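Worksheet: the structure to be examined is printed underneath.
Counting starts at 1 for both ligands and their atoms, in listed order. Computed from heavy atoms alone, side chains included, the values below leave out hydrogens, waters and symmetry copies. Owing to the predicted nature of the structure, the values given are computational and were not obtained by experimental measurement.
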Amino acid sequence: DHVHNRGRNYQWSLGDFEIGAPLGRGKFGRVYLAREKTMHYMVALKTLYKVELVKGRVEKQVMREIEIQTHLKHPHILQLLTYFHDTKRIYLVLEFAARGELYKELKRQPDGRFNEHLSAKYTYQVADALEYCHKNDVIHRDIKPENLLLTYDGDIKLADFGWSVHAPSSKRFTLCGTLDYLPPEMVMGQTYDVYVDHWCLGILCYEFLAGKPPFLSDTQQETYTKIKTMYIQWSDKIKPGAKDLISKVTFMFHIFIL
Ligand SMILES: CC(C)NC(=O)[C@H]1CCC[C@H]1Nc1nc(Nc2ccc(C(=O)N(C)C3CCN(C)CC3)cc2)ncc1C(F)(F)F
């Protein structure tokens, strides 16, 4: 009915939501559980402080994240439902993933790793999301456990398109966080294409099965060297079938590129 059914041009605002518990901290502000007042729809409300965005010189990146995530609609991609702002903050109204952050689920496992069934399920769902992104000329560029969330049913939601770009691209970006997932061509600062996501998918699958990424080293330099030489020590936890899959997904394209 007209009261509840808001048209496309409806201007959402903070008053439309009841704010609940904090879900944790995002990069530029807190994330809260919230409930939309008329339909009682549960959402995640991500707040971004404008001052912080300016200080971090990431306004364009945030605009790109909003632009990209608004247009991607896929069961394994966390949807950006709407956004609005007030004087101090930008608010992203995102899908609420009831079972939270996958990397915490990984750490909660008895030996820090998923069994083959779960690893295959999650790897498949991320691959499904990536295929959809690539069909829409979007490279995610930052596939790793920290950027994956789990729904109530235990399905994957790919989130955080803060580093995504339109393919192909040679956009260099200052690295923040782990190098473990960087493919060789990005380490060498060359142009890259959707294959960077394939590389990361292989690294992700390895980490699900082994409980740690393949190039983990004590120093950054060592990690770089292992990546550039594609020197991978196969954990004994990885069976031949999985090793074959990871090699094909991760290394195959890079043999052509390098
Ligand atoms: C991908 C991106 C990099 N990550 C993020 O944005 C992070 C930063 C903060 C939270 C998360 N962002 C989201 N989190 C959820 N769901 C969620 C999260 C945490 C818990 C949880 O375990 N607790 C509350 C526990 C409950 C128990 N207590 C003890 C600890 C916290 C349960 C459900 N849905 C949507 C989002 C989103 F993305 F839309 F914002």
Can you produce the list of protein nitrogen or oxygen atoms under 3.5 Å from a nitrogen or oxygen of ligand 1, alongside each distance?
unit_1, atom_1, unit_2, atom_2, d
ligand 1, 16 (N), Ala97, O, 2.8
ligand 1, 34 (N), Ala97, N, 3.0

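- A cation-pi arrangement is not found for Lys226 relative to Tyr224, the charged atom failing to lie both closer than 6.0 Å to the ring centre and inside a 45° cone about the ring normal.
- The aromatic ring centres of His140 and Phe161 sit less than 6.0 Å apart.
- No hydrogens or angles considered: nothing links the side chains of Asp155 and Tyr122 as a donor-acceptor pair under 3.5 Å.
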Phe96 and Leu33: CA distance, side-chain angles, deciding distance, side chain to side chain contact (heavy atoms under 4.5 Å, CB included) verdict:
CA-CA 7 Å; Phe96 170 59; Leu33 181 58; 3.6 Å; yes

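- Other residues, nucleotides and ligands place more than 12 heavy atoms under 6.0 Å from the NZ atom of Lys212.
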Verify side chain to side chain contact (heavy atoms under 4.5 Å, CB included) between Glu146 and Glu101, making sure each step is shown before the conclusion.
CA-CA 7 Å; Glu146 292 76 1; Glu101 300 168 275; over 6 Å; no

